[in-house]
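Here the structure comes first, spelled out in structure tokens, and everything after it is commentary.
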Amino acid sequence: MSIIQQQHVIVTGASSGVGLYATEALIQQGWHVVMACRDLQKTMRVASQLQLNPTQFSIMKLDLGSLQSVREFVKDFESKGFPLHALLNNAASYQPRLKTPARSPEGFELSVATNHLGHFLLSRLLMPLLIQTQTSEQESNPNFQSRLVTLGTVTANSEEFGGKVPIPAPADLGDLAGLEHGFLDPIAMIDGKTFKAGKAYKDSKLCNMIISREMHRRYHDSTGIIFSTVYPGCVADTALFRDTPKAFQTIFPWFQKNITKGYVTQTLAGQRVTQVVVDKDFSSSGVHWSWGNRQVPGRQAFAQPLSAKATQLTMGIRLWELSNKLVGMAD
Ligand code: NAP
């Protein structure tokens, strides 16, 4: 089968953790994975360490923290003539020890710029290709639906215990005052309040879950594309936690394995996320899929209710409008 005939998925942040193991599992399912990563050499190295089949993946440069890089990635991708059956928005940056905000090239606080605004722009720019691929696939397979899957998390869902933890504060976008006022220095938080690095990450993940629902509301009925978010379990030993204190990096996985029983391996997390991208059991749109925080053998996924903060219609609409403005998209 030629590359063009394979099912194609873009995986952001495929150089590590969940994204890397999802790449492996997607390849095992016969898909062609475009590993969209900021560090090409690292990505080549890890792909070779896992002995990924070179005919089933491509590596392309994407720095989600830079809106220009997102636009260049989409242009490069389009120029290859690949179809796009699915987009997996997986990458994230978590820097909980920063005392002052890091900034994107456009001047936005970096974790929200990377995790939310970069993925927002990427998703918006790739929608036409998801629709086009779905239309041409449906000529031979009328039931085919493209998918846009985004990694969510418990720490941004106040319906769950993990979402109530006040260290440094639960996710809360307030009235979006920080975005309303342009999100540039000295503004560093979406709610316009004092910078708290750990909360900026949680806020960005809450944005991921809100925007997935808003995309479902705007596009699902008219296009048939499936939009969902997923929490595969606590993958407590990924590089996501690289900037936490060393003691935390030892204690946290132990705690998740032995006390909460929330721990899942990177391999299992990658396989679970892959199920959401490919399996017919996950073909409902507008759903947050979770494997919960008590892992037992044979644990099945379920549709997890999200908090009011993630489901309020007015919040979804306003976050969409303000994000459009910041990334330079028309409605
Ligand atoms: P990880 O191992 O640190 O992987 C994160 C990936 O994102 C890496 O490939 C990283 O690239 C990439 N990335 C970071 N900043 C980027 C940028 N500016 N541009 C492009 N790529 C960038 O973390 P993980 O645990 O697998 O996290 C994957 C997803 O799962 C995240 O969305 C996270 O929020 C979510 N999640 C994780 C857990 C967990 O327990 N680990 C729980 C809930 C949700 P580099 O390799 O170059 O650093």
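Indexing begins at 1, ligand by ligand and atom by atom, following the structure's order. Predicted model only: the values in this text are computed from it and were never measured.
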Check ligand 1 against [X] and write out every atom of the ligand that is under 4.0 Å from a heavy-atom position of the residue.
{"X": "Val18", "answer": "26 (O)"}
{"X": "Gly152", "answer": "43 (C), 44 (C)"}
{"X": "Tyr231", "answer": "42 (C), 43 (C)"}
{"X": "Gly17", "answer": "2 (O), 26 (O)"}
{"X": "Tyr201", "answer": "33 (C), 34 (O)"}
{"X": "Lys42", "answer": "45 (P), 46 (O), 48 (O)"}
{"X": "Gly65", "answer": "18 (N)"}
{"X": "Arg242", "answer": "3 (O), 48 (O)"}

Close approach of Tyr94 to ligand 1, heavy atoms, under 4.0 angstrom: no
Could I get the full list of ring pair (Phe, Tyr, Trp, His ring centres under 6.0 Å) partners for Phe57, not counting sequence neighbours? none
Parallel, tilted or perpendicular for His85 and Phe144, by the 30°/60° rule? perpendicular
Going by distance alone, is a donor N or O of one side chain under 3.5 Å from an acceptor N or O of the other, for [X] and [Y]?
{"X": "Gln275", "Y": "Gln271", "value": "no"}
{"X": "Thr267", "Y": "Thr265", "value": "no"}
{"X": "Asp63", "Y": "Ser69", "value": "no"}

Quick one: does ligand 1 sit under 4.0 Å from the side chain of Asp63, the backbone, both or neither, non-hydrogen atoms only? both
Give the contacting part of Thr12 toward ligand 1: side chain, backbone, both or neither, where contact means a heavy-atom distance below 4.0 Å. neither
Would [X] count as a polar contact of ligand 1, with the cut-off being nitrogen or oxygen pairs under 3.5 Å?
{"X": "Ser93", "answer": "no"}
{"X": "Cys37", "answer": "no"}
{"X": "Asp39", "answer": "no"}
{"X": "Leu64", "answer": "yes"}
{"X": "Cys234", "answer": "no"}
{"X": "Gly19", "answer": "no"}
{"X": "Ser16", "answer": "yes"}

Give me the nearest non-hydrogen protein atom to atom 40 (O) of ligand 1 as residue plus atom name, then the distance to 0.1 Å. Val235 N, 2.8 Å
Please list the nearest protein heavy atom to atom 31 (C) of ligand 1 with its residue and the distance rounded to 0.1 Å. Asn90 O, 3.0 Å
For atom 30 (O) of ligand 1, which of the options Leu240, Thr150, Leu151, Thr23 provides the nearest non-hydrogen atom? Leu151
All N/O donor-acceptor pairs, side-chain side in residues 248-257, below 3.5 Å, sequence neighbours left out:
unit_1 : atom_1 : unit_2 : atom_2 : d
Gln249 : NE2    : Phe241 : O      : 3.2
Gln249 : NE2    : Arg242 : O      : 3.3
Gln249 : NE2    : Thr244 : O      : 2.8
Thr250 : OG1    : Lys246 : O      : 3.4
Gln256 : OE1    : Thr260 : OG1    : 2.6

For atom CD of Glu321, decide whether the heavy atoms of other residues, nucleotides or ligands shown that lie under 6.0 angstrom number more than 12. yes
Mind checking the [atom1]-[atom2] spacing from [X] to [Y]? Nearest 0.5 Å is all I need.
{"X": "Leu26", "Y": "Leu88", "atom1": "CG", "atom2": "CG", "value": "7.0 Å"}
{"X": "Ser111", "Y": "Met189", "atom1": "OG", "atom2": "CE", "value": "8.0 Å"}
{"X": "Thr12", "Y": "Leu151", "atom1": "OG1", "atom2": "CG", "value": "8.0 Å"}
{"X": "Leu110", "Y": "Ser66", "atom1": "CG", "atom2": "OG", "value": "10.5 Å"}

Salt bridge or not for Lys61 and Asp76, using N-O below 4.0 Å? no
Correct closest heavy-atom pair for Val287 and Ala303 would be CG1-CB, 3.7 Å
